[in-house]
Amino acid sequence: MSTPPGTKGRRVALVIGAGSVKCAAALGLLKVLDREGIAIDMVVGCSGGSLYAAFIGLGVGATQAEEMTRRLWTRELTKRRHYPSLLRAMLPQLFPFQESFGLVDDRLILQRLQTAFGDHTFEEARIPLFLTATDFHSGEQKVFSSGRLVDAIRASIAIPYVFRPWSIDGRLYVDGFLTDPMPVGVAIKHGADVIVTLGFESPYQRKSTSVLRFAFQLSSIMSNNLLRANYAFHNLAHHTEILPIIPQFRESIHLFDTDKIPYVIEEGERAAEQQLPYLRRLLAASER
Amino acid sequence: MEIRSDKRGAVTVVSIEGSIDGTTAADLVAALRGQVTAGNVHLVADMAGVDYTSSAGLRALLETVKEARQHGGDLRLAAVRREVLRVLELSGFTSILQVYPDVDSASASYPASA
């Protein structure tokens with residue numbers, strides 16, 4: 001990233017919440033911060049946001065990150081079913097159920113994550129990087145800050161019912177949104193004074209026409225309420241400044257609408273521009 | 001940020017211009033607290049001129065609401081801009097604060113005997 005080193009005074013964190021392809025709005029936000037010379041002291045990502053947090057942490061520029069997303073996140077990812085899971089769900093007497101359950105064959109996503117991030121580790125990040133997932137057995141938030149990025153991202157995007165939970169060091173992890181879709185608490189815990197956060201509410205289905213859509217609808221209801229509850233708590237319980245950047249999408253953005261990434265980035269940039277005067281003032285006040 | 005107040009019978013309308021954030025929240029709390037201390041506990045915040053609120057702004061609003069309610073009054077919001085309303089919704093504030101489309105309806109929401 002081309003931002004100059006540390007903003008004097010306050011530690012600035014960027015938190016990118018869950019939101020699938022909408023998380024690309026982080027690249028628009030990054031462009032604005034870069035242009036203004038506002039340095040980020042740490043970056044936190046959850047679910048889809050973990051991809052962009054990792055790109056930013058590694059210093060991948062906005063244009064390159066956009067290209068990488070287009071190659072990584074395509075509709076083919078969900079084309080192949082994970083038949084062992086289907087059989088275990090439908091015929092548990094013949095095929096005993098296993099917790100490693102997901103309806104989609106995850107080999108392609110894993111292969112693409114490997115292509116994008118290789119064997120890069122958290123330790124190689126230029127700025128402190130934190131990615132969140134959820135411990136399947138304890139239900140607690142897991143914050144990854146060391147080890148292979150591919151593992152942490154794969155755990156963070158383990159969308160319930162879609163991708164199988166991911167095992168790391170003997171623990172099973174599912175999507176980070178299940179504990180906090182916009183994990184500003186992680187940034188607070190690690191000493192951020194100013195948190196610029198991108199958050200998205202999950203879209204609701206007009207009509208649930210399949211079991212999976214029905215499950216998505218329930219998941220959206222729960223995660224949106226969780227988002228609001230956690231956000232309210234963090235706003236009121238701490239003295240950290242939290243600046244929400246909430247892009248307004250005029251078009252509906254679906255899970256694999258990668259062709260809309262330029263538009264998503266544009267809206268992220270626009271939303272960031274709106275908050276810029278305040279962010280500038282806040283950082284200037286802390287330098288006085 | 002600019003804060004102006006206007007007494008309309010038993011209701012005090014506080015008009016706020018600018019952003020409610022970490023650099024301005026203390027001024028807003030002081031102004032609103034001053035109204036409550038002076039016995040003006042039926043407050044309407046005219047938010048038409050507020051273009052942004054951060055977490056500090058949310059804390060300022062909540063602090064005033066609590067104080068006004070403890071004294072038998074309330075703080076009600078009027079004419080909240082869409083982008084500010086999104087933040088209030090996201091933080092669950094619309095479930096604890098009464099929000100009205102304009103100052104007149106917010107003022108009229110208080111009983112005539114207030």
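Because the structure is predicted, anything quoted here is derived from the model rather than measured. First the proteins, then the strands, lettered A, B, ... as listed; each starts at 1.
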A.B. asks: More than 12 foreign heavy atoms under 6.0 Å from CD of Glu2(B): is that the case here?
C.D. replies: no
A.B. asks: Got a sec: does the OH of Tyr204(A) have more than 12 other heavy atoms crowding it under 6.0 Å?
C.D. replies: yes
A.B. asks: In this structure, are over 12 heavy atoms from other groups packed under 6.0 Å from Arg81(B) atom CZ?
C.D. replies: yes
A.B. asks: Is it the case that more than 12 heavy atoms not belonging to Lys7(B) sit under 6.0 Å from its NZ atom?
C.D. replies: yes
A.B. asks: Rounded to the nearest 0.5 Å, what's the gap from CG on Asp21(B) to CD1 on Ile242(A)? Could you check?
C.D. replies: 13.5 Å
A.B. asks: Relative to chain A, which of Ser54(B), Gly92(B), Ser95(B), Ser55(B) shows the most heavy atom pairs under 4.5 Å?
C.D. replies: Ser55(B)
A.B. asks: Do Ile246(A) and Leu90(B) have side chains that approach each other closer than 4.5 Å (heavy atoms only, starting at C-beta)?
C.D. replies: yes
A.B. asks: Are side-chain N/O atoms of Ser19(B) and Arg281(A) paired as donor and acceptor at under 3.5 Å?
C.D. replies: yes
A.B. asks: Should Leu243(A) and Tyr52(B) count as side-chain neighbours, where that means a heavy-atom distance under 4.5 Å?
C.D. replies: yes
A.B. asks: For Arg228(A) versus Glu89(B), what's the shortest heavy-atom pair and its separation?
C.D. replies: CD-O, 3.4 Å
A.B. asks: Around Tyr161(A), counting heavy atoms of other residues, nucleotides and ligands shown, do more than 12 lie under 6.0 Å from its OH?
C.D. replies: no
A.B. asks: Under the side-chain contact (heavy atoms from CB on, under 4.5 Å) criterion, do Glu83(B) and Gln248(A) qualify, and how do the steps go?
C.D. replies: CA-CA 9 Å; Glu83(B) 52 272 33; Gln248(A) 300 294 316; over 6 Å; no
A.B. asks: For residues Ala232(A) and Ser91(B), report the shortest heavy-atom separation together with the two atoms involved.
C.D. replies: CB-O, 2.9 Å
A.B. asks: Where does Glu201(A) contact chain B at under 4.5 Å (heavy atoms): side chain, backbone, both or neither?
C.D. replies: side chain
